[in-house]
There are 2 protein chains.
Amino acid sequence: MIREYLENVLKEVALDIVIFAFREGRMEVLLLKWKHTDKYSLPGGRIRVDESLKDAVTRTVEERTGLKGVFLQQFQVFGELDRYAYYSAQQTREYLERALGESLEDLDLLSRTVSIGYYALVNGERAQPKPDAFTEACAWWDVHDLPRLLFDHNHMIVRALETLRREIRYQPVGQLLPEKFTLGELHRLFEVILGIPLDRRNFHKIVTGYDFLIRLNEKKVGAAIRAPQLYSFNFKKYYAALKEGVGL
Amino acid sequence: MIREYLENVLKEVALDIVIFAFREGRMEVLLLKWKHTDKYSLPGGRIRVDESLKDAVTRTVEERTGLKGVFLQQFQVFGELDRYAYYSAQQTREYLERALGESLEDLDLLSRTVSIGYYALVNGERAQPKPDAFTEACAWWDVHDLPRLLFDHNHMIVRALETLRREIRYQPVGQLLPEKFTLGELHRLFEVILGIPLDRRNFHKIVTGYDFLIRLNEKKVGAAIRAPQLYSFNFKKYYAALKEGVGL
DNA sequence: ATCACAGTGCGTATTTTTTACGCACAAGAT
DNA sequence: ATCTTGTGCGTAAAAAATACGCACTGTGAT
């Protein structure tokens, strides 16, 4: 099955996807643990010869999370000759063979490839992580407390975060929240992405001034202290506002 | 020679480069005219198996302009299945055969490829455009007055411009100017990239407040009316400031 | 010579945006 | 009741962006 798949994909181009979720006040990324090793990597994939780049990424994200229609953004192409940071090409080859449970001789999975880096913004509550054929676990990791990853994947995550931080005004970071959320959650989301504290009250004032936030007639149940007001997005208006750039 | 080159490059990945220059108050891009046709395209290239992506782009820009150390920025990967906008795959194949002067049967130049879009910011005075083996002309064109290009290259230029406009605070657009320039030229450069008028006097005030601008002890010679003051960049300080973002 | 003119160069208001922070109130935990 | 945590509203100061007046300086036209 793996062989059949690999015969119908582009060989020189790979995809690596930094799938972000906001869970319990932290930014987390989805990592795969390779079978029969303690080595981790980003979820990735290949482009089938009969599908577009965008379709390939969408498919891969759906395979790993079960989610359709996820927001995706290209952030960088990685094209260095040597893309092995913590583990050498030789070691990586060994891990891959262990994970696949067979020899690689004729598969040629690790020869020169250029990798297209995407990040995805997903709702952590709805995602249902699933490992792929090479891997035995697929789980969330705090972006600030990651293991050493295979290839240049640690670097990729750093670059994805930098890009998201710089373009936060134009990117739908609200996609990281559940359908109904409190302003406190939105506030923490911005703080954790930007890495700086934002005044609670100013944030509240600015954000409630936007017409793409819908104040719902319900309050959060099971809240620790006090039932906070729930909000949701009018995504049509939200995306329109993002084109111009949404402050704070 | 073409064959030999094409045997040692990645087949599924192409490069297309939007080379910008600021010439006589206009933003211009370098276009190639294919031999024995009246069809145009962006300069492009391939990645040799033994060179990094960055080296490949740098080499291609140098081949087309004679310039070394040019500023380059990835802006998008184009991975649609059908990347033929104004001219069909069939027509494009015909033009390519005419340009090459031989049959393509075994060359397979037009099968499925993913193209990495870069833009370059070059000094229009120093660049010396040179056509490549496929093309008979290499010349500057006003970005607002372009012919219909092959593939999806018109779209690529639009996307490159949009990216440059949005990221102008972080990109070294000063690289588009000659070593010595007047504030008027810098002013027009920003206006033409942003597409909006900027108050002359405010611009002057803000920009002279930056310490990366060096006021030279000379004035422009041969100026129409009055010899204006010349400036140049302290590029080290300029690049440091760009990391934080340079206003206006 | 002098006058119109295009462009540089400097200054001062005004408006808008960002940042800082005071405080009332609501409701679960003890 | 009272402590604590977080919502919600307001005002004030600081900073940045915008608007615009005007003097000066060379050059070409008259």
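FYI, side chains are in, hydrogens and waters are out, and symmetry mates aren't considered; it's all heavy atoms of this structure. A, B, ... follow the sequence lines: proteins, then strands. Residue 1 opens every chain.
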**Message:** Can you tell me if A:H204 touches the phosphate of D:dG8, counting only side-chain N or O atoms and a distance under 4.0 Å to OP1 or OP2?
**Reply:** yes

**Item:** Rounded interatomic separation in angstrom, taking CG from B:L183 and C1' from C:dA6
**Value:** 16 Å

**Message:** Going by salt bridge (charged side-chain N to carboxylate O under 4.0 Å, His left out), name the residues that satisfy it together with B:E125, two or more places apart in sequence or in a different chain.
**Reply:** none

**Request:** Classify the side chain of A:K205 versus the base of C:dT18 as yes if they form a donor-acceptor pair under 3.5 Å and no if they do not.
**Result:** no

**Polar side-chain contact A:R201-C:dG22 base: donor and acceptor under 3.5 Å** = yes

**Nucleotide nearest A:R215 (side chain, heavy atoms from C-beta), chosen from D:dC20, C:dG9, D:dG8** = D:dG8

**Asked** Mapping A:T208 and B:R200 onto DNA chain D by nearest heavy atom, which one lands closer to the 5' end?
**Response** A:T208

**Complete:** Here the distance between atom P of D:dA15 and atom CD1 of B:I206, to the nearest Å, is 16 Å

**Item:** Separation of atom CZ in B:F203 from atom P in C:dG11, rounded to whole Å
**Value:** 19 Å

**Prompt:** Under 3.5 Å, side chain of B:Y231 to main-chain N/O of B:T208, donor-acceptor pair present?
**Reply:** no

**Request:** Check every atom of C:dG9, D:dC20, C:dC21 against the side chain of A:N202 and return the nucleotide holding the closest atom.
**Result:** C:dC21

**Prompt:** Does the side-chain hydrogen bond (donor to acceptor under 3.5 Å, both in side chains) test come out yes or no for B:D55 and B:T58, once each step is laid out?
**Reply:** CA-CA 5 Å; B:D55 289 345; B:T58 306; 5.2 Å; no

**Item:** Spacing of B:E185 atom CD relative to C:dT8 atom C1', expressed in whole Å
**Value:** 13 Å

**Prompt:** Which whole-number value in Å describes the distance from B:L213 CG to C:dG9 P?
**Reply:** 12 Å

**Request:** Starting at atom CG of B:L230, determine the distance to atom P of C:dG9, rounded to an integer number of angstrom.
**Result:** 10 Å

**Request:** Could you tell me the separation between the CG atom of B:D199 and the P atom of C:dA13, rounded to a whole number of Å?
**Result:** 17 Å

**Message:** Without decimals, in angstroms, what is the distance between B:E244 CD and D:dA16 P?
**Reply:** 13 Å

**Message:** When you measure from the side chain of B:R26 to the backbone of B:D142, do you find a donor-acceptor pair of N or O atoms at a distance under 3.5 Å?
**Reply:** no

**Request:** Without swapping roles, check the side chain of B:N154 against the backbone of B:L149 for a donor-acceptor pair under 3.5 Å.
**Result:** yes

